[in-house]
Amino acid sequence: MTDFSDLLRPQSVVTGLAIATKKALFQHIAASIADVTGADAALVATRLAAREKLGSTGFGGGVAIPHAKLPDLDAPVGVFIRLAQPMAFQAVDDLPVDLVFALLSPERAGSVHLKALARVSRRMRDRNFLGKLRGAGSRDALYALFTTAESRDAA
């Protein structure tokens, strides 16, 4: 399943964000998650930063998937950001990151979190899909790629 409408909301897709540090990125993600879920933005940023200290969530090819678990979430939720300029992220390939898909899951969502993370990871490893994300002209086009990707790829 490549339809991410269960993880993303239109307002959770951002393009052209000019940010230079992970801290600022995590704060932006936290604010977005707070808007969608009512979660505590400070806690979201803290959890993302704590997970990042365990090892970079930049997995190469200009992509990062920061993730964490939060209390009081009912289901996994995501934020997608296409940065205005790639930023240093200490990714496994040492390349800067320009595409970020943050995933937050309920604290007790063991396998649900892992399945959502695997789904996002599979999609964000698809070079064809990444090219479409980088070429999309608007936030609406980015959202459409995530929510209708399967039917477009099959056509």
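- Each of Glu52, Lys22, Gln90 was evaluated against Thr57; a single residue qualifies, Glu52, per the side-chain hydrogen bond (donor to acceptor under 3.5 Å, both in side chains) test.
- With sequence neighbours left out, Arg47 forms a salt bridge (Lys or Arg N to Asp or Glu O under 4.0 Å) with Glu107.
- For the atom pair Arg123 CZ and Leu145 CG, the distance stands at 8.5 Å (nearest 0.5 Å).
- Placement of Leu117 and Val77 in two distinct hydrophobic clusters is found when ILVMFWY residues are connected by side-chain heavy-atom separations under 4.5 Å, directly or transitively.
- Residue Ile81 holds its CD1 atom at 12.0 Å from CG of Asp98, rounded to the nearest 0.5 Å.
- Under the 4.5 Å side-chain heavy-atom criterion for Ile, Leu, Val, Met, Phe, Trp and Tyr, Ile33 and Leu25 are members of the same hydrophobic cluster.
- Tested against Leu142 for a side chain to side chain contact (heavy atoms under 4.5 Å, CB included), the candidates Lys132, Arg82, Arg134 yield a single pass: Arg82.
- Hydrophobic clustering (side-chain heavy atoms under 4.5 Å, transitive across Ile, Leu, Val, Met, Phe, Trp, Tyr) keeps Leu95 apart from Val100.
- In this structure, Arg125 is positioned above the aromatic face of Phe59, its NZ or CZ under 6.0 Å from the six-membered ring centre and within 45° of the axis.
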### Task
Report the C-alpha distance between Ile19 and His28 in whole Å, list the side-chain angles of each, state the deciding distance to 0.1 Å, and finish with yes or no for side-chain contact (heavy atoms from CB on, under 4.5 Å).
CA-CA 9 Å; Ile19 274 189; His28 186 85; 4.0 Å; yes
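- Distance check, rounded to the nearest 0.5 Å: CG of Leu104 to OG of Ser32 gives 10.5 Å.
- Between Arg119 and Asp6 a salt bridge is recorded (basic side-chain N to carboxylate O distance below 4.0 Å).
- Of all the heavy atoms in Val36 and Ser12, the pair that sits closest is CG2-OG, 3.2 Å.
- The cluster map of Ile, Leu, Val, Met, Phe, Trp and Tyr, joined by side-chain heavy atoms under 4.5 Å apart, puts Phe4 and Leu103 in the same cluster.
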Let me have the donor-acceptor pairs involving side chains of residues 60-76, under 3.5 Å, with sequence neighbours excluded, atom names and distances please.
residue : atom : partner : partner atom : Å
His67   : ND1  : Ile65   : O            : 2.8
His67   : NE2  : Arg51   : NE           : 3.2

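- A search for ring-ring contact (aromatic ring centres under 6.0 Å, His included) contacts involving Phe80 returns Phe146, not counting sequence neighbours.
- For the atom pair CZ of Phe89 and CE of Met87, the computed distance is 6.0 Å after rounding to the nearest 0.5 Å.
- With rounding to the nearest 0.5 angstrom, the CZ atom of Phe101 is 4.0 Å from the CG atom of Leu8.
- No side-chain donor-acceptor contact under 3.5 Å links Ser138 and Asp140.
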